[in-house]
Asker: 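Pasting a structure here, questions to come.
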Amino acid sequence: MKRDLGDLALFGGHASFIQQIHVGRPNGIDRARLFDRLSWALDNQWLTNNGPLAREFEERVADLAGVRNCVAICNATSALQLLVHAAELTGEVIMPSLTFAATAHAVRWLGMEPVFCDIDPGTGCLDPEKVAAAITPRTSAIFGVHLWGRPCDVDALEKVAADTSVRLFFDAAHAIGCTSQGRPVGGFGEAEVFSFHATKVVNAFEGGAVVTDNDDLAHHIRSLANFGFGLKSANDAGGTNAKMSEASAAMGLTSLDAFDDVVRQNRSNYEQYRAELSGLPGVSVIDFDHEELNNYQYVIIEVDEEITGLPRDLLLALLRAENVVAQRYFSPPCHRMEPYRSRQDAHLPHTEELSARVLALPTGSTISREDIRRVCNIVRLAASRGSELTARWEQSRSGDQGLVSSG
Ligand code: T4K
């Protein structure tokens with residue numbers, strides 16, 4: 001355990017971890033089950049194109065989400081694009097800026113303008129009042145994002161959508177297995193999109209899905225993902241290839257088998273982080289509504305530089321020097337990134353404030369209690385002596401080696 005600033009790798013100490021630990025390390029998988037499924041697919045000589053494993057995966061995801069239709073797609077970005085295309089959206093789509101670039105890129109790829117709207121600082125998700133104010137005659141849809149698995153204020157967004165005749169969809173990339181007021185994420189708005197990327201709580205190597213109770217929309221998306229075959233209207237002709245392969249479905253199914261265990265482990269990690277960092281001024285671990293189901297796949301801390309004297313990015317750099325590959329999910333926010341920054345002048349104070357404070361820490365089934373203890377030890381040491389650390393870092397960068405090597 002590190003006791004003094006000189007113990008930190010940033011100042012010449014040994015790194016806390018010999019090997020890197022990551023946010024987004026794939027969770028452990030039952031290899032025997034995975035290999036059985038892969039072997040079965042090889043024996044079956046059916047490797048993609050709506051195969052039996054993909055269909056089973058779709059059934060299980062639809063069940064979890066409490067909806068009639070799940071269309072498995074090769075990744076969530078493509079799923080978002082297909083959804084935007086099938087829904088025939090036009091003009092402007094309102095969304096948060098505090099999200100992964102894929103949410104905005106998917107909309108822009110289809111020729112629409114993402115319009116970034118500020119968040120509720122308490123949840124990190126769209127502020128429904130700000131959404132209502134952002135609607136213009138060009139707005140065709142609202143895309144909520146259940147950030148870090150915390151659901152949006154779904155009721156309020158549904159009301160805004162109904163009052164303004166604007167369509168409502170959700171990017172639920174982070175939120176499989178979560179509920180809002182006891183209802184599973186997946187059934188909100190007209191459709192929702194899950195991600196099954198390797199870094200996610202359900203992992204299909206790469207994968208995504210559109211879930212919806214709208215049978216026509218599901219049929220349309222399924223056809224578009226398969227070159228447009230089977231589309232009812234000649235106007236809709238054309239499509240792409242965005243199907244989920246049997247190998248991905250085999251992985252997705254095996255990951256779903258472990259879902260409850262992984263969520264239990266994530267929750268225990270999350271609670272340990274909360275306990276180890278409790279009472280540390282200027283650092284908080286974001287909360288979840290424990291009355292609801294949560295997948296706890298992200299452990300996010302907020303670092304208040306005014307209280308700690310420690311800039312979030314310096315904490316990131318010092319964690320990385322210790323081989324803790326923390327992530328700035330999500331910073332910069334989309335409206336501060338190209339191609340959006342130069343296209344619009346969004347004023348999003350809550351987004352900017354939260355985005356500047358957040359850091360994701362490693363969790364999942366590959367992290368041990370001892371790993372978390374050590375990560376928290378570093379965060380505690382750094383945040384409790386933030387001003388001193390920052391001054392020392394600045395001096396070391398300006399070449400005062402004497403201070404760098406002292407204990
Ligand atoms: N909407 C939202 C709200 C999203 O967050 C995402 C994706 C999407 C849509 C789009 O979903 P997909 O089209 O990807 O299905 C990662 C993931 O690639 C991305 O899926 C995810 N969100 C995002 C939050 O995280 P990066 O740019 O941070 O990836 P990368 O390569 O830097 O990896 C992150 C960490 O994970 C690293 O520390 C390394 C570690 N890692 C990664 C992989 C792939 C591993 O340890 N093993 C691995 O196999 O985006």
Side-chain angles (χ1 to χ4, degrees), residues 17 19-29 57 61 71-84 93 95-109 114 116 119 123-126 143-152 169-176 178 185-186 191-211 225 240 242-245 248-249 251-252 255 295 297-300 316 319-320 322-334 337 351 355 358-367 371 375:
F17 295 86
Q19 288 190 329
Q20 290 186 331
I21 60 166
H22 288 263
V23 172
R25 261 292 184 249
N27 291 304
I29 199 86
F57 182 68
V61 171
V71 185
I73 301 291
C74 57
N75 60 57
T77 306
S78 301
L80 287 164
Q81 289 169 348
L82 291 170
L83 175 58
V84 169
V93 176
M95 63 178 64
S97 172
L98 193 64
T99 179
F100 193 55
T103 320
H105 288 353
V107 164
R108 187 167 186 272
W109 192 261
F116 299 112
I119 50 163
T123 65
C125 297
L126 279 178
F143 254 97
V145 177
H146 305 304
L147 189 71
W148 309 314
R150 295 197 299 191
C152 296
F169 303 92
F170 291 96
D171 176 337
H174 300 175
I176 192 161
C178 302
V185 166
E192 305 206 46
V193 169
F194 291 132
S195 170
F196 306 115
H197 182 260
T199 56
K200 295 290 192 288
V201 66
V202 176
N203 153 22
F205 297 123
E206 287 271 3
V210 180
V211 286
T240 185
K243 301 180 300 279
M244 178 178 276
S245 73
S248 276
M251 184 66 160
S255 179
N295 62 34
Q297 71 176 310
Y298 292 105
V299 170
I300 305 289
L316 175 68
L319 282 167
R320 288 195 170 189
E322 302 290 344
N323 278 332
V324 178
V325 188
Q327 297 283 351
R328 297 188 306 180
Y329 289 152
F330 292 101
S331 176
C334 293
M337 282 180 206
T351 299
S355 172
V358 290
L359 209 52
L361 298 179
T363 185
S365 70
T366 62
I367 300 294
D371 292 340
V375 173

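All ligand and atom numbering here is 1-based and tracks the order in the structure.
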Asker: Using a 3.5 Å cut-off on N or O atoms only, is Tyr298 in polar contact with ligand 1?
Answerer: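 No; every N/O pair is 3.5 Å or more apart.
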
Asker: Which of these, Ile21, Thr199, Val23, has its nearest heavy atom closest to atom 35 (C) of ligand 1?
Answerer: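 Result: the heavy atom closest to atom 35 (C) of ligand 1 is in Val23.
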
Asker: Any idea which atoms of ligand 1 are less than 4.0 Å away from a heavy-atom of Gly24?
Answerer: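 The list of qualifying atoms is 36 (O), 40 (C), 41 (N), 45 (C), 46 (O).
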
Asker: Counting from 1, what ligand 1 atoms have a heavy atom of Gln327 closer than 4.0 Å?
Answerer: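 This gives 34 (C), 35 (C), 37 (C), 38 (O) as the contact atoms.
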
Asker: Show the numbers, then the answer: is there a side chain to side chain contact (heavy atoms under 4.5 Å, CB included) between Trp148 and Val358?
Answerer: CA-CA 11 Å; Trp148 309 314; Val358 290; 3.8 Å; yes

Asker: Enumerate the atoms of ligand 1 whose separation from the nearest heavy atom of Thr99 is less than 4.0 angstrom.
Answerer: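 Listed by number with element, the hits are 3 (C).
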
Asker: Any heavy atom of Pro26 closer to ligand 1 than 4.0 angstrom?
Answerer: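 Yes, that is the case, since the closest heavy atom of the residue is under 4.0 Å from the ligand.
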
Asker: Nearest to atom 1 (N) of ligand 1 by heavy atom, Thr77, Asp171, Leu80: which?
Answerer: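 Of the listed residues, Asp171 has the closest heavy atom.
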
Asker: Would you say Ser195's side chain and Ala76's backbone share a donor-acceptor pair under 3.5 angstrom?
Answerer: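 Checking the backbone N and O of Ala76 against the side chain of Ser195, no donor-acceptor pair under 3.5 Å is found.
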
Asker: For ligand 1, which atoms sit closer than 4.0 Å to a heavy atom of Ser195?
Answerer: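 So the atoms of ligand 1 that pass are 11 (O), 12 (P), 15 (O).
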
Asker: Show your reasoning for whether side chain to side chain contact (heavy atoms under 4.5 Å, CB included) applies to His146 and Cys152.
Answerer: CA-CA 5 Å; His146 305 304; Cys152 296; 3.6 Å; yes

Asker: One residue to check: Ala76. Relative to ligand 1, which of side chain, backbone, both or neither has a non-hydrogen atom less than 4.0 Å away?
Answerer: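 Looking at Ala76 and ligand 1, atoms from backbone and side chain both fall under 4.0 Å.
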
Asker: Over all heavy atoms of both residues, which pair between Glu206 and Asn75 is shortest? Give the atoms and the distance, please.
Answerer: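 Looking at all heavy atoms of both residues, the shortest contact is OE1-CB, 3.7 Å.
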
Asker: Check ligand 1 against Thr103 and write out every atom of the ligand that is under 4.0 Å from a heavy-atom position of the residue.
Answerer: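 Answer for ligand 1: 1 (N).
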
Asker: Select one of side chain, backbone, both or neither to describe which atoms of His22 lie under 4.0 Å from any atom of ligand 1, heavy atoms only.
Answerer: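 For His22, only side-chain atoms sit under 4.0 Å from ligand 1.
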
Asker: Evaluate the side chain to side chain contact (heavy atoms under 4.5 Å, CB included) criterion for residues Val93 and Phe169: first the C-alpha distance (whole Å), next the side-chain angles of each, then the deciding distance (0.1 Å), finally the verdict.
Answerer: CA-CA 10 Å; Val93 176; Phe169 303 92; over 6 Å; no

Asker: Test of understanding: given a 4.0 Å heavy-atom threshold, classify the contact between Phe196 and ligand 1 as side chain, backbone, both, or neither.
Answerer: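 Neither; nothing of Phe196 gets under 4.0 Å from ligand 1.
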
Asker: Using modelled atom types only, decide if a donor and an acceptor are shared between the side chain of His22 and the backbone of Gly24 within a distance under 3.5 Å.
Answerer: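 Side chain of His22 to backbone of Gly24: no pair is present.
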
Asker: Given 3.5 Å as the limit, does a donor-acceptor pair link the side chain of Ser365 with the main chain of Asn27, or not?
Answerer: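 Side chain of Ser365 to backbone of Asn27, a donor-acceptor pair under 3.5 Å: no, none is there.
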
Asker: Checking Thr363 side chain against Tyr298 main chain: does a donor-acceptor pair fall under 3.5 Å?
Answerer: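 Flag not set: sc Thr363 to bb Tyr298 has no pair under 3.5 Å.
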
Asker: In terms of atom number and element, which parts of ligand 1 are under 4.0 angstrom from non-hydrogen atoms of Phe330?
Answerer: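 Result: 5 (O), 24 (C).
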
Asker: With heavy atoms of Ala173 as the reference, note each atom of ligand 1 found under 4.0 Å away.
Answerer: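 This gives 1 (N), 2 (C), 3 (C), 4 (C), 9 (C) as the contact atoms.
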
Asker: What part of Glu206, side chain from CB on, backbone N/CA/C/O, both or neither, has a heavy atom under 4.0 Å from ligand 1?
Answerer: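 Neither; nothing of Glu206 gets under 4.0 Å from ligand 1.
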
Asker: Distance under 4.0 Å to a non-hydrogen atom of Val325: what atoms of ligand 1 satisfy this?
Answerer: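 By the 4.0 Å cutoff, the relevant atoms are 38 (O).
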
